[in-house]
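Below is one structure, written out as structure tokens; the observations come after it.
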Amino acid sequence: MPELPEVETVRRGLLGLVIDKTVTAESHDTEKGFPNTPHDVQTFLVGATIRDVRRRAKVLMIDLSSGYSLVIHLKMTGQLVYVGETRFGAGHPSDSLVNALPDASTRVTLTFSDGTHLYFNDQRKFGWMRLLPTIEIPNIDFMQKVGPEPLSDEFTSKEFIQRIQRRKNTSIKAALLDQSVLAGVGNIYADESLWGAKIHPARRVYTLSKTELVLLYTELRAVMNLAIEKGGSSNHTYINAEGKKGSYMDFARAFRREGQPCPRCEATIEKLRVAGRGTHICPVCQVL
DNA sequence: CACTTGACCTGTCCGC
DNA sequence: TGCGGACAGGTCAAGT
């Protein structure tokens with residue numbers, strides 16, 4: 001799924017596309033992804049106008065004039081794609097991505113008063129979308145447990161170290177991926193930041209020096225900020241609100257670069273398994 | 001309690 | 001070409 005930079009990219013895209021649009025219809029598949037009652041949908045979604053699009057951790061919130069919000073987690077393969085009235089012509093780079101919607105992975109369709117649409121697609125059906133009173137969002141389980149935003153101005157290296165060290169006995173990669181430690185880090189940016197800080201992902205947290213952790217903090221924020229600037233990372237499923245791919249993968253230094261040279265020392269990048277996840281390292285820069 | 005593993009789904013890719 | 005298994009950017013519940 002989209003990690004923090006991808007979700008933030010979707011948020012920024014949606015802001016420019018759906019603010020002030022009024023929902024006139026909604027449809028969704030019955031099996032999964034949108035469990036609200038038809039009554040709630042009719043009362044609090046249909047007829048409401050979109051006022052804001054916010055993000056916390058990897059969760060998006062679309063605030064409505066009804067006092068309710070659509071709360072969305074894209075998990076691994078979720079997409080939120082806006083399709084305007086004027087579709088791209090045949091041959092346009094985005095043509096095949098966007099003109100074909102809705103498709104077999106479309107779970108929810110919103111129709112706006114101007115005839116345009118917002119689609120929630122999710123091939124693997126891990127993602128979810130639900131309609132909640134806006135003021136109740138901070139009370140849901142996810143929001144209660146999730147850690148601080150790593151890119152906020154108030155998030156210091158001191159706080160990073162303090163929170164990471166709550167998981168002293170596990171691997172540093174597992175600690176980075178733990179959403180209750182800090183919000184928004186996933187497999188890509190865990191590998192990229194560990195490469196940047198020259199730390200082996202399987203190192204136990206208690207073995208890391210303060211200097212190493214400060215460097216990791218700096219690398220993590222740099223890598224995520226760069227990824228936002230580049231519009232996120234794209235595999236075959238991630239696209240932004242306009243149906244476009246991000247370009248961070250062109251800048252990736254370890255993630256999915258197994259067999260290619262390390263940009264720092266030319267050693268061959270290797271793939272291994274840490275914390276149950278595919279993990280990419282430079283075996284020379286990052287040693288146990 | 002801290003930590004690890006399996007499950008949730010569908011599609012794709014790789015080796016036989 | 002077909003088939004089986006591993007794997008995919010996340011999070012929970014259940015297990016040790």
Side-chain angles (χ1 to χ4, degrees), chain A residues 1-10 29-35 55-60 71-80 100 103-107 120-130 140-147 150 163-195 201-206 220 223-224 226-228 230-240 245-259 271-280:
Chain A
M1 135 191 132
E3 304 181 27
L4 187 156
E6 288 74 33
V7 179
E8 179 61 20
T9 300
V10 172
D29 64 347
T30 51
E31 45 177 312
K32 216 181 163 188
F34 198 73
R55 178 191 62 76
R56 172 76 173 96
K58 300 173 189 172
V59 170
L60 280 169
V71 184
I72 303 150
H73 199 308
L74 302 173
K75 291 284 183 85
M76 298 280 262
T77 54
Q79 305 171 338
L80 221 40
D103 66 15
S105 73
T106 301
R107 316 239 75 82
F120 172 46
N121 298 328
D122 187 13
Q123 187 174 89
R124 290 172 73 179
K125 305 183 184 178
F126 292 167
W128 47 259
M129 174 183 285
R130 50 186 81 127
I140 68 176
D141 272 5
F142 183 93
M143 295 301 179
Q144 289 286 311
K145 279 185 282 193
V146 77
R163 297 187 69 93
I164 280 282
Q165 287 179 336
R166 301 196 323 195
R167 302 290 312 271
K168 58 185 161 64
N169 237 342
T170 194
S171 65
I172 182 62
K173 176 150 179 178
L176 283 173
L177 293 174
D178 183 339
Q179 300 298 296
S180 72
V181 171
L182 61 160
V185 182
N187 209 30
I188 300 175
Y189 304 108
D191 282 7
E192 289 290 287
S193 59
L194 287 164
W195 179 91
R203 291 269 304 280
R204 300 273 136 179
V205 171
Y206 69 81
L220 179 64
V223 139
M224 294 229 262
L226 175 65
I228 291 171
K230 300 301 174 191
S233 302
S234 286
N235 71 356
H236 66 108
T237 55
Y238 170 73
I239 52 176
N240 67 20
K245 290 173 178 285
S247 70
Y248 177 82
M249 285 306 291
D250 299 341
F251 299 83
R253 297 155 303 175
F255 190 78
R256 271 207 222 112
R257 293 189 76 255
E258 63 270 30
K271 184 170 180 183
L272 49 150
R273 193 153 273 268
V274 176
R277 313 294 302 274
T279 299
H280 310 75

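Convention: sequence-line order gives letters A, B, ...; per-chain numbering from 1. Keep in mind it's a predicted model, so treat the numbers as computed, not measured.
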Writing each nucleotide of DNA chain C 5' to 3' as (, ), [, ], | or . by Watson-Crick or G-U pairing under 3.5 Å yields .|||||||.|||||||

Side chains of residues 165-172 of chain A: which donor-acceptor pairs under 3.5 Å do they make with residues two or more places apart or in other chains?
from, atom 1, to, atom 2, distance (Å)
A:Arg166, NH2, A:Ser180, O, 3.2
A:Arg167, NH1, A:Asp178, OD2, 2.5
A:Ser171, OG, A:Ala174, N, 3.1

Here the distance between atom C1' of C:dT11 and atom CE of A:Met129, to the nearest Å, is 18 Å

When rounded to whole Å, the CD1 to C1' distance for the pair A:Ile140 and C:dC12 reads 14 Å

In this structure, CZ of A:Phe120 is separated from CD1 of A:Ile72 (nearest 0.5 Å) by 7.0 Å

Residues passing the side-chain contact (heavy atoms from CB on, under 4.5 Å) test with A:Ala227, sequence neighbours excluded, are A:Pro5, A:Tyr189, A:Tyr248

Hits for side-chain contact (heavy atoms from CB on, under 4.5 Å) against A:Asn240, two or more places apart or cross-chain, chain-then-number order -> A:Thr9, A:Tyr238, A:Glu242, A:Lys244

Margin query: Mind checking if A:Ser105 touches a base, just sugar-phosphate, or nothing, with heavy atoms under 4.0 Å?
Written below: nothing

Using atom names, set out every protein N or O paired with an N or O of nucleotides 2-4 of chain B below 3.5 Å, distance rounded to 0.1 Å.
from, atom 1, to, atom 2, distance (Å)
B:dC3, OP1, A:Asn169, N, 2.8
B:dC3, OP2, A:Arg167, NE, 2.9
B:dT4, OP2, A:Thr170, OG1, 2.5

Sorted by chain and residue number, the side-chain contact (heavy atoms from CB on, under 4.5 Å) partners of A:Arg256 (sequence neighbours excluded) come out as A:Asn235, A:Met249, A:Glu258, A:His280

For A:Ser193, the side-chain hydrogen bond (donor to acceptor under 3.5 Å, both in side chains) test, sequence neighbours excluded, returns none

Atom CD of A:Glu258 and atom P of B:dC13 are separated, to the nearest Å, by 15 Å

Between CG of A:Asp141 and C1' of C:dC12 the distance, given in whole Å, is 11 Å

query = Going by atom types alone, do A:Lys173 and A:Thr279 pair a side-chain donor with an acceptor below 3.5 Å?
reply = yes

Whole-Å distance, A:Arg107 CZ to B:dT10 P, equals 8 Å

Applying side-chain contact (heavy atoms from CB on, under 4.5 Å) to A:Asp103 and not counting sequence neighbours gives A:Leu101, A:Ser105, A:Thr106, A:Asn121

Looking at A:Arg107 and A:Asp122, does any basic side-chain N land under 4.0 Å from a carboxylate oxygen?
no

Between the CD atom in A:Glu3 and the NZ atom in A:Lys58, the distance rounded to the nearest 0.5 Å is 5.5 Å

Return no unless some side-chain N or O of A:His73 is found under 4.0 Å from OP1 or OP2 of C:dT11. yes

inquiry  = Are C:dT11 and A:Phe126 stacked, with the base six-membered ring and the side-chain ring centres under 5.5 Å apart and planes under 30°?
reply    = no

A:Lys58 atom NZ is separated from C:dC12 atom P, nearest whole Å, by 10 Å

Residues at least two apart in sequence or cross-chain that pass ring-ring contact (aromatic ring centres under 6.0 Å, His included) with A:Phe142, listed by chain then number, are A:His73

Contact list (N/O, under 3.5 angstrom) for nucleotides 5-8 of chain C vs protein:
from, atom 1, to, atom 2, distance (Å)
C:dA8, OP1, A:Lys271, NZ, 3.0
C:dA8, OP2, A:Arg273, NH2, 2.8
C:dA8, N3, A:Arg124, NH1, 3.2

Between CG of A:Leu74 and P of B:dT10 the distance, given in whole Å, is 18 Å

Pairwise P distance, C:dA6 and B:dT5 [rounded to whole Å]: 16 Å

Can you tell me, in whole Å, how much space there is between the P of C:dA14 and that of B:dC9? 15 Å

Under 4.0 Å between a side-chain N or O of A:Gln179 and OP1 or OP2 of C:dG10?
no

Across all chains, not counting sequence neighbours, the salt bridge (charged side-chain N to carboxylate O under 4.0 Å, His left out) partners of A:Arg55 are A:Glu8, A:Glu149

A:Lys173 atom NZ is separated from C:dG10 atom P, nearest whole Å, by 9 Å

